[in-house]
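In what follows, chains are A, B, ... by sequence order, proteins preceding strands, each numbered from 1.
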There are 4 protein chains.
Amino acid sequence: MARTSDPNAKVDLLRAAEAVFVERGLDHAKVEEITARAGKSKGAFYLHFESKEDAFRQIVETTLARLAACLDGGEAMQVAAVAEGPALLEALLDHDVEVFEFLWQNRALIRLLGGGGGSASFSYLVEEFAERCRGAVRRTIAWSAERGIVRPGLDVDLVSRILSGAYDQVARHVVRAQRKPDLRRLLGEVQHLFMHGIGGPAVRESDRPVRNASKTVVGRGRGGARTERRARPRKKEPARS
Amino acid sequence: MARTSDPNAKVDLLRAAEAVFVERGLDHAKVEEITARAGKSKGAFYLHFESKEDAFRQIVETTLARLAACLDGGEAMQVAAVAEGPALLEALLDHDVEVFEFLWQNRALIRLLGGGGGSASFSYLVEEFAERCRGAVRRTIAWSAERGIVRPGLDVDLVSRILSGAYDQVARHVVRAQRKPDLRRLLGEVQHLFMHGIGGPAVRESDRPVRNASKTVVGRGRGGARTERRARPRKKEPARS
Amino acid sequence: MARTSDPNAKVDLLRAAEAVFVERGLDHAKVEEITARAGKSKGAFYLHFESKEDAFRQIVETTLARLAACLDGGEAMQVAAVAEGPALLEALLDHDVEVFEFLWQNRALIRLLGGGGGSASFSYLVEEFAERCRGAVRRTIAWSAERGIVRPGLDVDLVSRILSGAYDQVARHVVRAQRKPDLRRLLGEVQHLFMHGIGGPAVRESDRPVRNASKTVVGRGRGGARTERRARPRKKEPARS
Amino acid sequence: MARTSDPNAKVDLLRAAEAVFVERGLDHAKVEEITARAGKSKGAFYLHFESKEDAFRQIVETTLARLAACLDGGEAMQVAAVAEGPALLEALLDHDVEVFEFLWQNRALIRLLGGGGGSASFSYLVEEFAERCRGAVRRTIAWSAERGIVRPGLDVDLVSRILSGAYDQVARHVVRAQRKPDLRRLLGEVQHLFMHGIGGPAVRESDRPVRNASKTVVGRGRGGARTERRARPRKKEPARS
DNA sequence: TATGAATGAGCGTTCATTCAT
DNA sequence: CATGAATGAACGCTCATTCAT
C-alpha cells in the first residue's frame, strides 16, 4: 500500500472517487473528474489503482468489510451470551443501532450500493454481501430460538430473508433521510413489530403454531398441524425495493 | 405499399434488448449486440427507438406499468370488501400470489431492475416505483386496520416500509430461483409471520401496545405507554440487499 | 424524362428539393425532407434521380442553362446590331434588366449558388458558369470596342473580370433584397459608372491611355506610354465577395 | 512534468485541417484524414478543438481577422492623410497591393472561403466579412470624395458595392492563378479603369453628372438631370462567380 | 515519483439507398 | 409503378490508459 511520497494521495483519490462514483455511478464516472477533485494527476490515479474498476472495487470492498466487521460485533456478543429475555432484546437492539450508525456515517456510498453500484458489473459484490448478511441473520435467529426469544418452529430461511428485507428497507430509508433519524427509536419499533406481529383482534384468535416448512426449522419443529396456511399477508413492493 | 413492415420487428428488438440489458446492464449493452440477436439491422433499432436509453425506458416503463396494474388489482378487491377475518387474509394472499406469478414470469427483467437497472441513470424510475408500492401497502394496512385485521396503533409508515422491504426481499429470492417456488406456500408463511410475529415465550409476556409514533398511526391511536421499546430486532442487511 | 404515371411528381420533387437545398445546402439536405415536402415517397425520388447529388445537379444545371439562354439573348442582339451610340447602350441595358429579372425570379436558388451550392462538391459547376459569363462579357466588350462604345486599348481580360465582379456583386445584392429593387435604375447607374469612371477633378487631368497589357487588348492596342500606372485604386473586398 | 506538450501539435493540425478543408469542404472533411496528415492521433485533435466545426471556425476566423487587420492598414493611412492627388492614388494602390499580397500568401484558404466555406453552415461568416469590407470601401470612397479624388454626386452605396465586387473578382482570379501575377500592375489597371471608366468616344460626349439616388450621395449631390440613364453597362456574371 | 499530453479502440447514431410488396 | 421499411457503411466523438519527460 502506497509507499508513495505523498501518503495522502491515495486517501484523497479514494475520497474523490467515492464522491464521483456516488454522483455518477461507476460507468459514468470519469477518471479525470476524480483526479481533478482530488487535486492529483491522472498518472497518480494509476499509481494507486489498476483501473477505474479497481478503485471502485477497493472502495466497495473496504466499506463492506467495515460493515461486515460492524455486523460481526453482534455475533461476538451472542457468543458472550451477555443477557437473557428482555435484556437480550435490548442488547440486540444496541447492536442494531451501532450498525445503523455506521450506515448513516457512510450513507452516500451505501446509497450507491443500494442502487446496484451504478453499473451492472459489480452488483454481484452487493449480492454476495446481502447473502452474507442473511447468513448472520439466520444464525442470530437460530441462536435466539434456543434462548426462547423467538418462537420455535419457524422457517429460519424464510424468516431471515424477511428480516433482511425489512431491515434493508429501513436502511435505505435512513440512508436517504435529510436529517439523521432517531435510530434507537426506529429500530426499537421494528424489533417490536417483528416480535409481536401486526395482527389485530380479528386474526389473533386464529393463533396457531406455524407449519412445518421443508426448510430448516428452528427448535424441535414440533410444529403441529396447520395444513392450510392462513397467516396474514400484506401487499408488498416486490420489484426493486 | 412498401415492403410490409415486419410486425414482429419491434417485439423482437424489445426481447433482444431486454436480454442484453439483463446480461450487461444499460451502459454496457451494445446496440449492435441487440440488433444482432434480434436478427435485425442497426438501422431497424432506430426505426423503433429514439436511442438506446429510450429502448431501455420503454422496457422498464412497460413492465412497471403492467406490474402496477397487477398490484392495483388488490386495491380493487379491497374496495369490493369481499370478505372478513381469515377469509380476508386468504383473499389478500390470493392477490399476493397473483403478483408474484407476474414477477416470476418477468423474472429476468425484474432481476435487472432489482439491480438498479444496470446504470445510475435510471435508478430513479425504480425508486419512484418502489415509493408507489409503499403507498399501496400503506393504504392496504390502513384499510386492514379498520377491519380489525391489523392491530391498531401501528406506525403505518414504518410498517409499510418494513412490509415492503420484506416482500421485496422475497421477490428477489423468487426472481433468482432456479425452479419456480411454491408461491402460495411461501407467501402464506410470510403473511403468517407478519400477523403473528416471531416472538417466542421469553418475549410474549411482554406483549404490549406499540407506541405513539409521530407518524400516522392506525386505529384510535390509543396506544398507551410503552416508552422503552423492547421488541426484538434482528440483524439486518442494510446495503443493497 | 419521366413517363411516369404522375407527370407532376418530378416537378414537385424538384421544387421541394430546391427549397430544401436552399435552406440547408446540399450536404445537409435530407432526401426524406425533400420527399416529405413534395408529398411523395422516397422511392419516387429515386425513380427520377440517380442520387441526391443528381437532383442537385439537375436543378443547378437547369437554372444555369436558362440563365445562359437569357444571357445569350444579348449576344444575339449584338449580331443583329440593332443600334448605335447611346441607343446601343440603352439596348445593352435592356438586356441587363432582362437578365436581372431572371435572377430575381430565381433568387432563392441563385442565392444558394452564390454560396458555393452549400457543398464543396459542386462549386466547380458555378465556377464554370462564371467563366462562361466572363467569356460573354469579353465578347461584348470586344464588340463594343469596335463600335466605339468602349475606349480602345483596354485589357479586355481584366476589364471583363472587373465587370463580371461588379455585376456579380450587384446580383448578390438584388438576390438578397427584401423587396424587388428598381432594376433598370440600378443597372443604369452601374452602366454609367463604368462608362465614365468615378474619378474626380483631382484625377481627371491625368487622363491618359491605358497601358499595354500582356493580355488581349482591344482596338489597335496602340496604347502609348503610361509606364507608371497611376489610376486610382480602391479598397477591395477580396475574400468571398 | 508530463510528456512535454508538442508545441507544434496545434499548428500541424491547423495546417492539415486547412488543407483537408480546402480539398473537401467542411462537410466532407474527415477528422481522421486531418489527423493522419498531421501525423497525430484522433484524440489529439479533440485536445485542441471542440469539434470539427470548431477547428474550421478557428481557421476561418483567424484568417479573416488577419485579413481585416491588413485592410485596416488602409484606413489608418487615410487618417494620416499622407498625400494628395496622384500621390494619394499611389498610396491607395500600395495598400491594395499589400492586401493582395496577403491574399496570395493565403490563397488556398481564401479560395475555400470564396466557395462559401464548403458548407452552408458557415457562409454567414463570409457574408459578414464581405459586409465589413463594403463598409471599409464605402468609407474610403467618402473620404476620397472629400479630397476630390472621386467625382462628387456618386451613389456611395452602389459604388462601394461595385468596387467590392470588382476587387472580389480580381481576388478570386489571383487566388486561383498558377503563378503569382504582377499584383501592382494588375491593381494599378483596376484603379485606372475605375477612375476613368471604360467609355469610348461614342459615349464620351454624353458625359454628364450622375443622378441623385435616394441613397447616400457624396459631395453636394448637385447631380442635375439625367432621367434616362445611358451609361454603358456590361454583361455581368451574376451567379456566384 | 508525478505529470498530463497523447493515444486509439470503441460505440452511438445518421441517412442515402435498396427492394419486397 | 409506388411505397416506406429495412439496411449498413460511415463517421464524429469519448475517455480509459499509457508513457516520455
Could you pull out all donor-acceptor pairs under 3.5 Å where a side-chain atom in residues 107-119 of chain B meets a protein atom, sequence neighbours excluded?
| unit_1 | atom_1 | unit_2 | atom_2 | d |
| --- | --- | --- | --- | --- |
| R107(B) | NH1 | W104(B) | O | 2.8 |
| R111(B) | NH1 | V175(B) | O | 2.9 |
| S119(B) | OG | D27(B) | OD1 | 3.4 |
| S119(B) | OG | D27(B) | OD2 | 3.0 |
| S119(B) | OG | S121(B) | N | 3.2 |
| S119(B) | OG | S121(B) | OG | 2.9 |

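- The closest side-chain heavy-atom distance from K10(C) to Q58(C) is below 4.5 Å.
- The interatomic distance linking D12(A) (CG) with dA2(E) (P) rounds to 12 Å, in whole Å.
- Not counting sequence neighbours, the partners of E33(C) by the side chain to side chain donor-acceptor pair (under 3.5 Å) test are R24(C), R37(C).
- Scored by the side-chain contact (heavy atoms from CB on, under 4.5 Å) test, A68(B) finds F129(B), R132(B) as partners (sequence neighbours excluded).
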For DNA chain F, what string of dots and brackets results from 5' to 3' when Watson-Crick and G-U pairs need both distances under 3.5 Å, crossing pairs get [ ], and pairs with another strand get |? .||||||||||||||||||||
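- Legend: residues meeting salt bridge (charged side-chain N to carboxylate O under 4.0 Å, His left out) with K52(B), ordered by chain and number and at least two apart, are absent.
- Counting to the nearest Å, the C1' atom of dA6(F) and the CG atom of L13(B) are 11 Å from each other.
- Listed by chain and residue number, D6(A) satisfy the side chain to side chain donor-acceptor pair (under 3.5 Å) test with K40(A) (two or more places apart in sequence, or in another chain).
- Not counting sequence neighbours, K30(B) has no partner by the salt bridge (charged side-chain N to carboxylate O under 4.0 Å, His left out) test.
- DNA chain F is contacted by A29(A), K30(A), V31(A), K42(A) of residues 22-42 of chain A, taking any non-hydrogen atom closer than 4.0 Å.
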Throw together a table of side-chain donor-acceptor distances under 3.5 angstrom for residues 14-21 of chain B, partners on residues two or more places apart or in other chains.
none

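- Judged as a side-chain contact (heavy atoms from CB on, under 4.5 Å), and not counting sequence neighbours, the contacts of F122(D) are L26(D), E53(D), F56(D), R57(D), Y124(D), L125(D).
- To the nearest angstrom, C1' of dC15(E) lies 12 Å from CD of E53(C).
- Of the residues in residues 44-52 of chain B, those lying under 4.0 Å from DNA chain E by heavy-atom distance are Y46(B), S51(B), K52(B).
- Here F45(A) pairs with F49(A) under the ring pair (Phe, Tyr, Trp, His ring centres under 6.0 Å) rule; sequence neighbours left out.
- For the pair K10(A) NZ and dT1(E) C1', the interatomic distance rounds to 16 Å; values are reported in whole Å.
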